[in-house]
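The structure presented is a predicted model; accordingly, all values stated were derived computationally and were not measured.
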Amino acid sequence: MKLSLIGVIVLGLASLARGDVGIDGDFSEWAGIVNQTTDPSGDGSGFVDVTWVKAVNEGSVLYLYFDTGTIANYQSGSPSQGTQTIQIDAPDGTVITFDFRDRRFEFDNVWVYWTDIGFAGAPTYADDEFEMRFDLSDFGATPGTNVTISMSDSDTVSPFVYTMSASDPAPTERDPARLAGTDFRIANQNTLQTGLLDGGQSPLLKSVIDAVKADVYTFQEEWDSSEAQIAAIIESVDPFNDGATWNVAKLSGTAIASRSTLVNLPQVNTRHIPAVVELPAGPVLVICVHLKCCGYIGSSEDDQRITQTDEIIGMIDSLRAGTLGAEYVQYQDVPVVVVGDWNLVGSRDPLTMFENDANLARADVRHLVGEDIYTWRNTSSSFTPGYLDLVAYDDTRMTLRNRFVLDSEKLTPGQLAQLGLNSNSSGGSDHLMVVADFAMGTPGACDGDVNGDSTIDVNDISYVLFRLGDAGSDGDANGDGGVDVNDIS
């Protein structure tokens with residue numbers, strides 16, 4: 001009887017599973033999509049050697065997924081590697097081109113911004129596969145119309161025709177509220193050149209600080225502010241309306257703020273600030289990072305990010321081993337959260353190192369509307385939206401609950417009202433606020449309460465359905481390393 005009921009519920013909730021394509025570097029949703037075209041291997045002359053291209057659309061939005069033959073960054077790289085270009089002949093006759101390395105978009109040879117085509121691409125870090133989005137709503141793309149797609153420069157891919165279908169699912173909408181059983185919320189914000197003190201930026205940054213009501217805030221690029229100034233700003237916001245005093249730990253441009261007591265740990269470089277936060281639910285080591293910016297895989301900047309990461313992991317190892325100092329031995333088994341602006345624009349190595357060497361898990365943090373994960377955007381920059389601000393956490397000692405990227409411009413009227421924001425509230429920085437909620441401890445391998453609200457119900461089934469096909473997701477109820485129908489059972 002119970003299995004039959006599950007079958008009925010699964011059928012009824014199928015529409016709750018991820019329905020729109022995410023520009024997120026997770027290519028699992030492409031698994032059942034056939035190649036639109038193939039190209040011989042070994043015929044590339046630069047950093048790209050494309051062998052296949054896939055395409056789908058949602059309404060007037062075209063998505064492309066293709067391989068590059070070698071691991072590289074598509075937006076930046078050595079000039080000797082050359083560039084790669086995608087050309088789209090739209091239904092209305094407009095010729096749209098995107099030059100990867102020049103980061104140049106053109107409509108009929110006239111330069112435009114990435115915003116004019118609703119572009120996003122992923123991953124931001126180097127890979128040998130990429131997915132990209134082009135909004136063709138202004139170019140006559142309707143169901144049944146054709147677009148012609150080709151590639152040139154590093155590798156030439158002969159033109160192929162894609163017919164736009166009628167599919168146009170509504171984007172996923174998420175609730176920013178804390179789930180029952182959440183022990184603490186952390187919110188990260190790169191403030192863009194000491195934005196907390198800037199007369200134009202500060203009111204907007206204060207509004208998002210107030211909206212999310214986090215127990216811990218982390219900041220980057222607060223170069224010129226003091227600990228006292230940051231504390232005073234948050235106290236003026238008073239997100240919990242309790243008149244509490246806020247404590248701040250700061251090094252260079254990185255800062256951690258909380259109403260709880262902060263215990264500073266030794267810093268191993270100037271690109272992070274580590275502090276144990278003595279939360280009511282227990283101590284947590286928060287490491288706020290701002291890794292070296294810029295560059296590409298193999299560049300000096302990428303090497304610096306890797307070195308900085310290695311140093312921070314060494315500090316975590318010392319804490320775990322009880323050798324960081326006698327005063328820190330009491331914290332050697334606390335859970336760890338690494339959050340901040342990772343500047344992951346070169347190799348993926350810093351993230352891989354935290355995953356493999358520090359045994360941390362990357363939090364899957366998406367926008368409140370849709371499946372995008374980018375956390376940086378600048379409408380006047382040639383660089384397209386990027387995934388720079390990440391959260392990695394100790395999933396053996398804590399459970400990830402709700403999480404989201406806050407982009408007020410994309411929120412529904414209901415979400416704006418719920419958070420007390422305006423559509424321009426995220427305009428205080430070129431980085432978006434990233435929020436993650438945690439509960440102390442981790443569920444057992446067969447605990448059906450996958451969403452952590454202390455109740456096993458239909459919400460746990462929808463939680464699993466949203467993550468079907470993921471590897472290592474927190475929707476993995478039976479602990480077998482993947483999310484599938486067995487987790488629903």
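- Judged purely by atom type and a 3.5 angstrom limit, E29 uses its side chain to pair as donor or acceptor with the backbone of G22.
- A salt bridge links R185 to D437: at least one charged side-chain nitrogen sits closer than 4.0 Å to a carboxylate oxygen.
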Report the C-alpha separation of Q220 and N188 in whole Å, then their side-chain angles, then the decisive distance to 0.1 Å, and conclude whether the side-chain hydrogen bond (donor to acceptor under 3.5 Å, both in side chains) test is met. CA-CA 8 Å; Q220 301 83 50; N188 182 76; 2.6 Å; yes
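- Counting only heavy atoms from C-beta outward, the side chains of I256 and V216 approach each other to under 4.5 Å.
- In terms of modelled atom types and a separation under 3.5 Å, the side chain of R178 and the main chain of N402 share no donor-acceptor contact.
- By the 4.5 Å heavy-atom criterion applied to side chains, S236 and K206 are counted as neighbours.
- Judged purely by atom type and a 3.5 angstrom limit, N190 has no side-chain atom pairing as donor or acceptor with the backbone of D430.
- Pairing each heavy atom of P176 with each of F404, the nearest pair is O-CE2, 3.4 Å.
- In terms of heavy-atom proximity, R271 sits nearest to L291 at NH2-O, 3.3 Å.
- Here the straight-line distance linking atom CG of D389 with atom CG of D341 works out to 5.0 Å at 0.5 Å rounding.
- Under a 4.0 Å N-O distance rule, the pair K292/D303 does not qualify as a salt bridge.
- Under 3.5 Å, the side chains of E311 and N269 contain a donor-acceptor pair of N or O atoms.
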Applying side-chain hydrogen bond (donor to acceptor under 3.5 Å, both in side chains), run through Q304 and T307 and close with a yes or a no. CA-CA 5 Å; Q304 290 179 66; T307 297; over 6 Å; no
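- Residues G428 and L204 come closest through the heavy atom pair N-CD1, 3.6 Å.
- In this structure, V391 and V337 have side chains that are in contact, with non-hydrogen atoms separated by less than 4.5 Å.
- A donor-acceptor contact under 3.5 angstrom links the side chains of Y331 and E278, judged on distance only.
- With hydrogens and angles ignored, the 3.5 Å screen pairs a side-chain donor or acceptor of E221 with a backbone N or O of Q193.
- Salt-bridge formation is detected for the pair D394/R397: a Lys NZ or Arg NE/NH1/NH2 atom is positioned less than 4.0 Å from an Asp or Glu carboxylate oxygen.
- Taking the charged nitrogens against the carboxylate oxygens, R133 and E58 have no contact shorter than 4.0 Å, which rules out a salt bridge.
- To the nearest 0.5 Å, the span separating CG on L262 from NZ on K250 amounts to 14.5 Å.
- Under a 3.5 Å cut-off, the side chain of T194 and the backbone N or O of W223 do form a donor-acceptor pair.
- Side chains of S408 and N422 form no contact here, defined as non-hydrogen atoms less than 4.5 Å apart.
- Atom CD of Q332 has more than 12 neighbouring heavy atoms from other residues, nucleotides or ligands inside a 6.0 Å radius.
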Evaluate the criterion side-chain hydrogen bond (donor to acceptor under 3.5 Å, both in side chains) for residue pair T191 and E222; output intermediate values, then yes/no. CA-CA 7 Å; T191 64; E222 277 299 307; 2.6 Å; yes
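- Counting only N and O atoms by type, the side chains of Q229 and D224 include no donor and acceptor under 3.5 Å apart.
- To the nearest 0.5 angstrom, E235 atom CD is 11.5 Å from I230 atom CD1.
- Side-chain atoms of T323 and S318, non-hydrogen and from C-beta on, do get closer than 4.5 Å to each other.
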Apply side-chain contact (heavy atoms from CB on, under 4.5 Å) to the pair Y74 and T384, showing each step before the final yes or no. CA-CA 11 Å; Y74 75 85; T384 61; 3.4 Å; yes
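- To the nearest 0.5 Å, the span separating OH on Y113 from OG1 on T115 amounts to 8.0 Å.
- In terms of heavy atoms, A363 sits closest to L400 at CB-CD2, 3.7 Å.
- Within the 6.0 Å centre-distance limit, the rings of F98 and F100 are counted as a close aromatic pair.
- The two atoms that bring Y63 and N57 nearest to each other are CD1-CA, 4.3 Å, heavy atoms only.
- R101 has its side chain out of reach of Q75: every pair of non-hydrogen atoms, C-beta onward, lies at least 4.5 Å apart.
- Checking side-chain atoms of T254 against main-chain N and O of L251 turns up a donor-acceptor pair under 3.5 Å.
- Of the inter-residue distances, the one linking L411 atom CG with L406 atom CG reads 6.0 Å to the nearest 0.5 angstrom.
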After noting the C-alpha distance and the side-chain angles of Q418 and D175, does the key distance pass the side-chain hydrogen bond (donor to acceptor under 3.5 Å, both in side chains) rule? CA-CA 9 Å; Q418 181 180 358; D175 189 343; 2.9 Å; yes
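- A 4.5 Å side-chain heavy-atom check between V284 and F184 finds at least one atom pair inside the cut-off.
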Pair R259, T245 - check side-chain contact (heavy atoms from CB on, under 4.5 Å), show working. CA-CA 6 Å; R259 294 175 298 171; T245 297; over 6 Å; no
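- For an aromatic pair to be called close, the ring centres must be under 6.0 Å apart, and Y217 with W246 satisfies this.
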Could you go through V345 and R305, starting from their C-alpha distance and side-chain angles, then the distance that decides it, and tell me whether this counts as side-chain contact (heavy atoms from CB on, under 4.5 Å)? CA-CA 10 Å; V345 297; R305 279 189 291 273; 3.9 Å; yes
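- In summary, D183 and R401 do not engage in a salt bridge, as defined by a charged side-chain N under 4.0 Å from a carboxylate O.
- One finds the CG atom of L351 at 9.0 Å from the CG atom of N356 (value rounded to the nearest 0.5 Å).
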Under the ring pair (Phe, Tyr, Trp, His ring centres under 6.0 Å) criterion, do F354 and W342 qualify, and how do the steps go? CA-CA 11 Å; F354 274 114; W342 297 42; 5.2 Å; yes
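- Without hydrogens or angle criteria, D238 side chain to G243 main chain gives a donor-acceptor distance under 3.5 Å.
- Between the T399 side chain and the G441 main chain, a donor and an acceptor come within less than 3.5 Å of each other.
- The aromatic ring centroids of W114 and F105 lie 6.0 Å or more from each other.
- Between F119 and F134, the distance from one ring center to the other falls under 6.0 angstrom.
- A side-chain donor-acceptor contact under 3.5 Å links R320 to the backbone of V334.
- Side-chain atoms of T309 never come within 3.5 Å of backbone atoms of P350 as a donor-acceptor pair (strictly under, hydrogens ignored).
- Counting only heavy atoms from C-beta outward, the side chains of R366 and R174 approach each other to under 4.5 Å.
- Listed here is the closest heavy atom pair of D302 and G346: OD1-CA, 3.6 Å.
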Should R348 and D127 be marked as a salt bridge (charged side-chain N to carboxylate O under 4.0 Å, His left out) after you check the CA-CA gap, both sets of side-chain angles, and the distance that decides it? CA-CA 8 Å; R348 192 187 187 276; D127 204 347; over 6 Å; no
Go through it in stages, so that I can follow the logic: the residues are Q189 and H431, the test is side-chain contact (heavy atoms from CB on, under 4.5 Å), and I'd like the CA-CA distance, side-chain angles, deciding distance and then a yes or no. CA-CA 7 Å; Q189 179 70 68; H431 288 254; 4.1 Å; yes
